[in-house]
**Q** 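Take this structure, written in structure tokens, and hold onto it; I'll ask about it next.
Within every chain, numbering begins at 1; the chains are lettered A, B, ... in the order of the sequence lines, protein sequences first and strands thereafter. Remember, it's a predicted structure, so these values are computed and weren't measured experimentally.
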Number of protein chains: 2
Amino acid sequence: MSLRHAVLGLLADRPASGYDLLKTFAISLGNVWSATQSQVYTELGRLADSGQVTVTAEGARGRKEYAITESGRAELHRWLTRVEPNRTPRNDTLLRVFFLGLLKPAEAEAFMRREAETAAAHHKELAALTTVAAGQDSFSAHGRLALEWGLRVTAAQHEWALWAEQQIVDRAAGGGGGGGHGGGDEDEDVPAQG
Amino acid sequence: MSLRHAVLGLLADRPASGYDLLKTFAISLGNVWSATQSQVYTELGRLADSGQVTVTAEGARGRKEYAITESGRAELHRWLTRVEPNRTPRNDTLLRVFFLGLLKPAEAEAFMRREAETAAAHHKELAALTTVAAGQDSFSAHGRLALEWGLRVTAAQHEWALWAEQQIVDRAAGGGGGGGHGGGDEDEDVPAQG
DNA sequence: TCTTGACCTGTCAGTGATGGAAGTTCTAGC
DNA sequence: GCTAGAACTTCCATCACTGACAGGTCAAGA
């Protein structure tokens, strides 16, 4: 449902063709909201039908350039200011974490280690983007806010994965499969959050 | 697509009816993967058709208790160990952040402030769960790992939102609407992450 | 000229997600 | 006996997403 607004938002910056939008998704916006080809073209068609965008030019190779209309801008503004962001949680990795007890400790440990590596790699990718995305326009500036979110969250994820891996190791050593788990050096149940 | 595995995972712990599963989603698992009534019942039907779960008892009021089968367990294990977690980014809030430039600075600022509040509230909710979810079984133990993730990420989100709000204030004060923006005390572009 | 490949737009079938409405059966209280 | 409501399941219309397919046009080089 938000794809519509992603497209509107991009067109609010400047007119573009479906192909152009696809490139923007691939480069920057896709880090935050991904879209496939068919989705973008379908959505452009729908938006044109409802009068929120119009075709402003037809170029070579059948290229159609779309621009946002007043009606589209109004809808975009309404969405930005009046519609609650959708926070439906849907985290594939965490879902698996819930069920890690079904694996052997070694498997579960490997899972968390892979997660740690993935988070670190993702963080690195984003850090590389930082040096590139240095535009002074508003779109770039706000993109950097989103980028910073990514940096912080991937960093937190990395540390969490390392911590969780250790928890699993401890539990395997202390508790085994059965009921209670051996006490001892387990003060550090949950780290302080400030 | 992962709803199937969420259901399988819950049934791997113990047999349950659709209604039971719904309660589990409402209480714990829903923080990580939400599901509606129709989804759960539909999925149970599909799983029964494909032989990954079976009806083990029929109780009062048409209640059907489902249990996972060997085939279901195998699929679950395959998913946990062999299937890459789906990392399709789809973050409604960040999508809006990209387009905050379309709002007046005061509106954008209000948006970020609301985000900060939401993150703080969410963090508090999760912290309240911490004291409750103290079971010693494996499902609870791993649930706490997921919970810890939530605590860390909401904390990071809160701080990020505060930081971003400040960025917006600075930009409005320094740059205004036009081209370049006034230099000065803007060393702190991006905080260190190391 | 012919080929290769980038550019650019679309359609379609299958599948799953969403949200609401509805219906039956049991329990508890009057 | 009657009612209210909780327990529990099922159906349906609509919409979003995926992945594949199916084009047609221009530019540059062999």
Side-chain angles (χ1 to χ4, degrees), chain A residues 1-8 10-11 15-27 29-30 32-50 53-66 79 83-84 86-92 95, chain B residues 1-8 10-11 15-27 29-30 32-50 52-66 75 79 83-84 86-92 95:
Chain A
M1 194 54 183
S2 288
L3 175 62
R4 165 174 299 117
H5 301 103
V7 168
L8 282 176
L10 290 177
L11 292 181
S17 68
Y19 195 78
D20 294 338
L21 295 182
L22 247 353
K23 272 187 292 186
T24 308
F25 273 103
I27 293 169
L29 202 59
V32 144
W33 199 278
S34 64
T36 65
Q37 205 191 35
S38 36
Q39 264 180 297
V40 168
Y41 284 112
T42 306
E43 198 58 54
L44 280 172
R46 272 202 283 256
L47 284 168
D49 284 349
S50 69
V53 306
T54 46
V55 177
T56 52
E58 309 215 5
R61 279 171 281 224
R63 179 182 211 273
K64 286 190 207 162
E65 198 171 75
Y66 291 88
W79 174 73
V83 180
E84 258 298 285
N86 173 16
R87 302 183 203 275
T88 311
R90 209 148 274 191
N91 187 318
D92 202 336
L95 181 58
Chain B
M1 195 52 185
S2 287
L3 175 63
R4 166 172 299 121
H5 300 103
V7 168
L8 282 177
L10 289 177
L11 292 181
S17 68
Y19 196 78
D20 295 336
L21 295 182
L22 246 356
K23 272 188 293 186
T24 307
F25 273 103
I27 293 170
L29 202 58
V32 144
W33 199 278
S34 65
T36 65
Q37 213 186 33
S38 32
Q39 263 179 298
V40 167
Y41 284 110
T42 307
E43 198 58 53
L44 280 171
R46 272 202 282 258
L47 285 169
D49 285 348
S50 69
Q52 302 187 7
V53 306
T54 45
V55 177
T56 52
E58 309 215 6
R61 279 172 279 226
R63 179 183 211 272
K64 287 189 209 161
E65 196 171 76
Y66 291 88
E75 165 59 19
W79 174 72
V83 180
E84 258 298 285
N86 173 14
R87 304 183 201 274
T88 309
R90 207 149 274 192
N91 188 318
D92 202 337
L95 181 58

**Q** A:Tyr41 side chain N/O closer than 4.0 Å to the phosphate oxygens (OP1, OP2) of C:dT9?
**A**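 It does, given that an N or O in the side chain of A:Tyr41 lies less than 4.0 Å from OP1 or OP2 of C:dT9.
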**Q** I'd like the 5' and 3' limits of the part of DNA chain D contacted by chain B, with heavy-atom contacts below 4.0 Å.
**A**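 Endpoints of the contacted stretch of DNA chain D: D:dA7 to D:dC17.
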**Q** With nearest nucleotides of DNA chain C determined for A:Ala60 and B:Arg46 from heavy-atom distances, which residue corresponds to the more 5′ nucleotide?
**A**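 Final value for this comparison: A:Ala60.
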**Q** Looking at the base of C:dG19, is there any donor atom on it, or on the side chain of B:Thr36, that sits under 3.5 Å from an acceptor on the other one?
**A**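 Per atom types, no contact qualifies.
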**Q** May I have the distance from A:Leu22 (atom CG) to C:dA6 (atom C1'), rounded to whole angstrom?
**A**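 Checked: the CG to C1' distance equals 14 Å.
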**Q** With respect to A:Tyr41, which candidate in A:Glu43, A:Gln39, A:Gln37 satisfies the side chain to side chain contact (heavy atoms under 4.5 Å, CB included) definition?
**A**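 With A:Tyr41 as partner, A:Glu43, A:Gln39, A:Gln37 yield a single side chain to side chain contact (heavy atoms under 4.5 Å, CB included), made by A:Gln37.
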**Q** Send over the distance from B:Arg61 CZ to C:dT27 C1', rounded to a whole Å.
**A**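 Rounded to the whole Å, the gap is 7 Å.
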**Q** Does A:Asn86 use its side chain to pair, donor to acceptor, with the backbone of B:Asp92 at less than 3.5 Å?
**A**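 Pair absent, no side-chain N/O of A:Asn86 close to backbone of B:Asp92.
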**Q** Among C:dG19, C:dA17, C:dC8, find the nucleotide with the atom closest to the side chain of B:Ser38.
**A**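 Given the options C:dG19, C:dA17, C:dC8, the side chain of B:Ser38 is closest to C:dG19.
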**Q** Report yes or no: does A:Asp49 contribute a side-chain atom to a donor-acceptor pair with the main-chain N or O of A:Arg46 at less than 3.5 Å?
**A**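 No; judged by distance alone, with no hydrogens or angles, the pair does not exist.
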**Q** Within less than 4.0 Å of OP1 or OP2 of C:dG16, is there a side-chain N or O belonging to B:Arg4?
**A**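 Answer yes for this pair, as a side-chain N or O of B:Arg4 is under 4.0 Å from OP1 or OP2.
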**Q** In terms of the nearest nucleotide of DNA chain D, which residue is placed more toward the 5' end: B:Gly62 or A:Gln39?
**A**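 Its nearest nucleotide being more 5', the pick is B:Gly62.
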**Q** Both B:Arg90 and B:Glu65 contact DNA chain D. Taking the nearest nucleotide for each, which residue is further toward the 5' end?
**A**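 Its nearest nucleotide being more 5', the pick is B:Glu65.
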**Q** Would you say a side-chain N or O of A:Lys23 is under 4.0 Å from OP1 or OP2 of C:dC7?
**A**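 It does not, given that no N or O in the side chain of A:Lys23 lies less than 4.0 Å from OP1 or OP2 of C:dC7.
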**Q** Can you check the B:Asn86 CG to C:dA17 P distance for me, whole Å?
**A**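 Result: 12 Å.
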**Q** Nearest whole Å is fine: how far is C:dT24 P from B:Lys64 NZ?
**A**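 Spelled out: NZ on B:Lys64 to P on C:dT24 is 16 Å.
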**Q** Rounding to a whole Å, what distance do you find between B:His5:NE2 and C:dG16:P?
**A**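 In whole Å, C:dG16 P and B:His5 NE2 are 11 Å from each other.
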**Q** I need the single residue from B:Gln52, B:His5, B:Arg4 that forms a side-chain hydrogen bond (donor to acceptor under 3.5 Å, both in side chains) with B:Glu75. Which is it?
**A**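 One option only clears the test, and that one is B:His5.
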**Q** What distance do A:Leu11 atom CG and A:Glu65 atom CD have between them, rounded to the nearest 0.5 Å?
**A**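 Rounded to the nearest 0.5 Å, the CG-CD separation comes to 9.5 Å.
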**Q** Nearest whole angstrom, please: distance from the P of C:dT18 to the CD of B:Gln37.
**A**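 Taking atom P of C:dT18 as the reference, CD of B:Gln37 is at 14 Å.
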**Q** How many angstroms lie between atom CG of A:Leu44 and atom CG of A:Leu3, to the nearest 0.5 angstrom?
**A**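 Atom-to-atom, A:Leu44:CG and A:Leu3:CG are 9.0 Å apart.
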**Q** Say you draw a straight line from OG1 of B:Thr88 to CH2 of A:Trp33; how long is it, rounded to the nearest 0.5 Å?
**A**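 Rounded to the nearest 0.5 Å, the OG1-CH2 separation comes out at 11.0 Å.
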**Q** With sugar-phosphate meaning primed atoms plus P, OP1 and OP2, does B:Tyr66 contact a base, only sugar-phosphate, or nothing at under 4.0 Å between heavy atoms?
**A**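 Nothing, no nucleic acid heavy atom in range.
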